[in-house]
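Every heavy atom of this structure was used, including side-chain atoms; hydrogens, water molecules and symmetry mates were not.
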Amino acid sequence: MKKDDHLFLIDGSGFIFRAFHALPPLTRKSDGLPVGAVSGFCNMLWKLLTQARDTSVGVTPTHLAVIFDFSSQTFRKEIYPDYKAHRPPPPEDLVPQFSLIREATRAFNLPCIEMEGYEADDIIATYARLAVEAGGDATIISSDKDLMQLVGPRVHMYDGMKDRQIGVPEVIEKWGVPPEKMIDLQALTGDSVDNVPGVPGIGPKTAATLLEEFGDLDNLLANAETIKQNKRRENIIASRELVQISRQLVTLKQDCPVELPLEALSLEPQDGPKLVSFLKAMEFNSLTRRVAEATGAEAQAIDAAPVDVEWGTSAHGPDLDPGAGTAPAAKQAGSADVGQGTRPADLAAARAARFAALPIDRDGYETIRDLTSLQGWIEAARERGLVAFDTETTSLDAMQAELVGFSLALYDEDAKDKPVRAAYVPLTHKSGHDDLLGGGLAEGQIRFDDALAALKGLLEDEAVKKIAQNLKYDYLVMRRHGITVKNFDDTMLISYVLDSGMGGHGMDALSEKWLGHQPIPYKEVAGSGRNMVTFDHVDIARATAYAAEDADVTLRLWLVLKPRLAAEKVTSVYERLERPLLPVLAAMEERGISVDRQILSRLSGELAQKAAALEDEIYELAGERFNIGSPKQLGDILFGKMGLPGGKKTKSGQWSTAVQVLDDLAAEGLPLPSRIVDWRQMTKLKSTYTDALPGYIHPETRRVHTSYSLASTTTGRLSSSEPNLQNIPVRTAEGRKIRTAFIATPGHKLLSADYSQIELRVLAHVADIAQLKQAFADGIDIHAMTASEMFGVPVEGMPGEVRRRAKAINFGIIYGISAFGLANQLAIERSEAGDYIKRYFERFPGIRDYMEKTKAEARDRGYVETIFGRRIHYPEIKSSNHQVRSFNERAAINAPIQGSAADIIRRAMVRIEPELAAAGLGDSTKMLLQVHDELIFEVEDAAAEKAQAMIVDVMENAAMPAVSMAVPLKVDARAAQNWDEAH
DNA sequence: ACGTACACCTA
DNA sequence: GTAGGTGTACGTC
């Protein structure tokens, strides 16, 4: 190679992925072979070979090579085992294209270079260096930022898809640093795709600023102490060592022992017939024609080349099986049950130690493909009386999900090295790919009905304990096939009872926490986004690894967690408040509630008209059109352009346009803020409710089925989602109209029963406040009583404003009051709010004592308790950060109150259905919804009165006999045609 | 496609 | 001041 020679280095691996995602899907016509990326690749190569001078590269190559990754096992994994650890498998349609692209390269008569242990980027770096040393130039065909560190006066990059040259100025423009500092920048920011660690909170912009200021990374790390921003300084200092590793990871190796010398990359003339033969085989007709014309080959006379396609696991291509080799090495095993005593605490500790040490063996999972084997597993489960169970389906929505398969796991106590074995039973996996027929059933699956019949016997067997994670989901799926799971445990609920406040209770989090094991992410099995497939299109071997692992992990979690319930004395919380609620909620979800589409549609139209009219007024008043829904644009108009007073900033420095701010401006008589507040209300109601709710109407049941989460609050409350039916508007008349769309079926009524002031009653009970207890016993207006005590105003003829303030204080107490918060709520000075609180505590010293006692308990034990023994942990209550500590203190004060109320309604919910059934109301009265202190039923007209009395009775006595409340619980109930009138 | 900020609905 | 979920805008991968 000599001066003026020009080497093109094509990043083949990068191109494959980019082409696949950027280009429309293309398949070979005759057999559906996916070839979109191959087509893009061939077109680009041809263009570069024939017209490079006419593109923005502007030169014709004299040398050219296409470089590929060999495998993901490179020297970088030795430096940092997690490097590229989270890579999902390539999309199914891309797999066969890896080998095709290599064949394409050879068909073009070009060197195809890959080296074991090195990434394509390293080889490119090496050849670029060699070319420059030989006096030539190099152009790298790629847009990957990882290669930008190589850019210099003699080395350029070219983005073939955008026809854009990338030189030193372009790198600076995009990243804010010159190419030689790209390594430092990448080390600082890290790379989430390749799993290169960086400094948290530092992105490209911050990194560039820092490098500008300190010159380079070494200098930055040496002088990190001088950085002003607290968080940033701490993060950089804490990440020092990782950043050094990251620098090694992102630095390309320019001295790979390449086999081919530069001379071997010299461009040779095309072998027309060979190339045409390949292109014909790919059925790229227009390119075939162009190449034939240019090379003088007789396209008609040339046969399509035989092409081998590698569909499965290939020696090439990155991480086709990310499951392999990523299982953590066994930790210090220690002998299995040494030290195991008979006490639950010892058992729990020994189990935790044992299973954390025992690696998970995905290769040992079995795929059950015939009924006899399944019956064998079921028999084994019966012998043990214990089996872990998990379903695989087509949807996260249990009401829509189609069963695809299920997995089982069994425990062999005596098998020291392999105590858990697991299997997957595929049922409705599809064969083949997206062909026109949609793919029939894959072979080797048990007939659906036969498998379900066998499974039904097991799941409904009271003598066999079924263990699952988040069983409510599987329970519902099985219910829809006529199976009711009996005798179960749910590891999610066990964890929730044991460790509320200590992090999530999902399987991945629990597995990581207790087993030190990361289960295969769902994304890696089914893909994500545009490429996601439903589970029935996952290859059965992969599905087995994923599904059986879930059952395996669930069983291990149960073995670790279950003994802790007794050891930590919270068994009754689990057995009385959690486990029995699961079937109750499943039934409520399965029933759903009837929502009138027409009412919502009419409301939506009304809201749209009102919003449109307001929009016109707003644009007129503002003097220009803008996006009213953008707080940023709105803030700029109000406080920038119009210069209105009273602007406050949000914590990110934007103008606040919160309703409080706008209301203040509206109170000054300004029309614009008031229109905006109205517009917000209209569009909120429209988008969140009238437009969204109809989309949740189930196609078959024609009802709306929310999903309740039993374990996503810290306090014991439920949460509702998809849709959230716990936040349907009620405060304003406009909003309440939405509730009129929730209706009873003909011949029925909706019955709403809600606890009156339940949290204040709980407070009166737990804090033992004489005046409060007396007031509730006498049925006095509690807020008026509070106001009377505090301000010495008689209850008779009390001004509304006085009562409103007392009410805000009462709520404040429940929320762990602060002067800051109360001042905000009442729009008064902080000092005035402080005075109120002081006066309140003078009148109700017992409340102050209770709060101090609760905080001390949280500090001493790390948790607080509800009156039924539910524990809520506050691991950060001793934080040295004042804000964090105060927040935890307020939450700890609130938790026993909110949580006890939540426990009471849970108890009511568990009891209500058996009571109704015993009274012969089981068929006529159905519980549908729970909204924290309210239960909504659908009841036949004739049964409404009797049901109402019974429901009120159960709810008011729900704390008994576990706790005898020092104040009565009061429940208001009403039945009507819709939820608005019933409430 | 995904995450965060903001705003706002409920108890 | 407690506990949630969702829609929109907007920035980044």
Side-chain angles (χ1 to χ4, degrees), chain A residues 21 145 189 191-194 203-205 500-501 523 527-532 627-635 650-662 676-677 680-681 683-689 691-693 696 706-709 712-732 734-736 738-739 754-755 757-759 763 808-826 830 833 837 851 872 886-899 901-902 905 929-934 983:
Chain A
H21 292 289
K145 70 167 188 312
T189 57
D191 186 328
S192 57
V193 177
D194 291 347
K205 293 292 176 221
S500 183
K523 276 201 302 202
S528 69
R530 189 167 76 80
N531 300 306
M532 187 153 74
N627 183 348
I628 311 169
S630 161
K632 187 164 125 62
Q633 293 183 32
L634 178 60
T650 66
K651 64 176 171 237
S652 65
Q654 282 294 323
W655 291 112
S656 167
T657 64
V659 69
Q660 290 211 335
V661 174
L662 299 181
I676 289 164
V677 170
R680 284 226 182 116
Q681 197 199 4
T683 52
K684 171 80 181 178
L685 293 176
K686 183 171 185 294
S687 69
T688 310
Y689 302 103
D691 290 353
L693 279 172
Y696 287 102
T706 184
S707 173
Y708 288 105
S709 170
S712 58
T713 72
T714 49
T715 56
R717 276 191 176 179
L718 303 177
S719 75
S720 155
S721 62
E722 288 180 293
N724 181 356
L725 295 185
Q726 292 182 322
N727 73 346
I728 303 302
V730 70
R731 229 179 61 255
T732 64
E734 197 69 37
R736 265 201 304 279
I738 311 251
R739 291 194 172 215
D754 69 297
Y755 284 105
Q757 312 278 16
I758 188 169
E759 294 191 348
L763 174 68
I809 293 167
N810 277 332
F811 273 101
I813 295 298
I814 290 169
Y815 297 154
I817 201 155
S818 79
F820 181 85
L822 184 63
N824 254 340
Q825 176 67 29
L826 287 175
R830 193 131 55 136
I837 294 169
M851 289 184 163
I872 300 112
S886 298
F887 178 78
N888 277 273
E889 287 174 352
R890 290 192 296 272
I893 288 167
N894 172 257
I897 303 170
Q898 190 186 116
I905 197 164
L929 303 178
Q930 190 252 41
V931 192
H932 306 309
D933 64 0
E934 175 187 15
H983 184 74

- Length of the CD-P vector between A:Q930 and C:dG5, whole Å: 13 Å

- Between atom CG in A:N824 and atom P in B:dA7, what is the gap in whole Å? 14 Å

- Task: Let me know the distance between CD1 of A:I758 and P of C:dA3, rounded to the nearest Å.
- Result: 18 Å

- Task: Indicate, with a heavy-atom threshold strictly under 4.0 Å, whether A:E934 touches base, sugar-phosphate, or nothing.
- Result: nothing

- Is A:T650 near enough to B:dA5 that one of its side-chain N or O atoms lies under 4.0 angstrom from OP1 or OP2? no

- Mind calculating the distance between CD1 (A:I814) and P (C:dA3) to the nearest angstrom? 14 Å

- Between A:Q660 and B:dA7, does any side-chain N or O lie under 4.0 Å from OP1 or OP2? no

- Are any of the side-chain heavy atoms of A:Y815 and A:I897 separated by less than 4.5 Å? no

- Task: Among the candidates B:dC2, C:dG7, C:dA3, find the nucleotide nearest to the side-chain atoms of A:S687.
- Result: C:dG7

- Message: With a 4.5 Å cut-off on side-chain heavy atoms, are A:Q681 and A:L685 touching?
- Response: yes

- Message: Categorize A:A692 for me: base, sugar-phosphate, or nothing, with a 4.0 angstrom heavy-atom threshold over every strand shown.
- Response: sugar-phosphate

- Under-4.0 Å side-chain N/O to phosphate OP1/OP2 contact, A:S719 with C:dG5: yes

- Message: Is A:S721 close enough to C:dG4 that one of its side-chain N or O atoms is under 4.0 Å from OP1 or OP2 there?
- Response: no

- Euclidean distance, atom CD1 of residue A:I897 to atom C1' of C:dA3 [Å, nearest integer]: 13 Å

- Query: Counting any heavy atom closer than 4.0 Å, what does A:Q654 reach on the DNA or RNA strands: base, sugar-phosphate only, or nothing?
  - Reply: nothing

- In whole angstroms, the gap separating P of C:dT2 from CG of A:L718 amounts to 21 Å

- Message: I'd like to check A:K523 versus A:M532 (side-chain heavy atoms, cut-off strictly below 4.5 Å). Are they in contact?
- Response: no

- Query: When we call it a touch if two heavy atoms are under 4.0 Å apart, what does A:I817 touch: a base, just sugar-phosphate, or nothing?
  - Reply: base

- Message: Using whole Å, what does the distance between atom C1' of nucleotide C:dT8 and atom NZ of A:K686 come to?
- Response: 13 Å

- Query: Is A:S712 touching bases, backbone alone, or none of the nucleic acid, heavy atoms closer than 4.0 Å?
  - Reply: sugar-phosphate

- Message: By the 4.0 Å heavy-atom rule, please label A:S886 as base, sugar-phosphate, or nothing.
- Response: nothing

- Query: Do A:L822 and A:I809 come close enough that some side-chain heavy atom pair is under 4.5 Å?
  - Reply: yes

- Phosphate contact (B:dT10 OP1 or OP2) by A:R731 side-chain N/O below 4.0 Å: yes

- Item | A:T713 vs A:H932 side-chain heavy atoms within contact, under 4.5 Å | no

- Message: Please pick, from C:dG4, C:dA3, B:dA11, the nucleotide with the shortest atom-to-atom distance to any side-chain atom of A:H932.
- Response: B:dA11

- Task: Name the nucleic acid region contacted by A:I893, choosing base, sugar-phosphate or nothing; use a 4.0 angstrom heavy-atom cut-off, strictly under.
- Result: nothing

- Task: Scan A:T714 against the nucleic acid and name what it touches under 4.0 Å (heavy atoms): base, sugar-phosphate only, or nothing.
- Result: sugar-phosphate

- Message: Taking any heavy-atom pair under 4.0 Å as a contact, classify A:A823: base, sugar-phosphate, or nothing.
- Response: nothing

- NZ/A:K145: more than 12 non-hydrogen atoms of other groups inside 6.0 Å: yes

- Task: Rounded to the nearest angstrom, tell me the gap between atom CE in A:M851 and atom P in C:dT2.
- Result: 12 Å

- Query: A:S630 side chain: which of B:dA11, C:dC10, B:dA7 is closest?
  - Reply: C:dC10

- Query: Reckon A:N627 has a side-chain N or O less than 4.0 Å from the OP1 or OP2 of C:dT8?
  - Reply: no

- 4.5 Å side-chain heavy-atom contact, A:D691 and A:T683: no

- Note on the structure: Out of C:dC10, B:dC9, B:dT10, minimum distance to the side chain of A:Q681 belongs to B:dC9

- Task: Indicate, yes or no, whether a donor-acceptor pair under 3.5 Å links the base of B:dC9 to the side chain of A:K684.
- Result: no

- Just call it for A:G812: base, sugar-phosphate, or nothing, with non-hydrogen atoms closer than 4.0 Å on any strand. base

- Can you tell me if the side-chain N/O atoms of A:T688 get under 4.0 Å from OP1 or OP2 in B:dC9? no

- Would you say B:dA11 has OP1 or OP2 under 4.0 Å from some side-chain N or O of A:R717? no

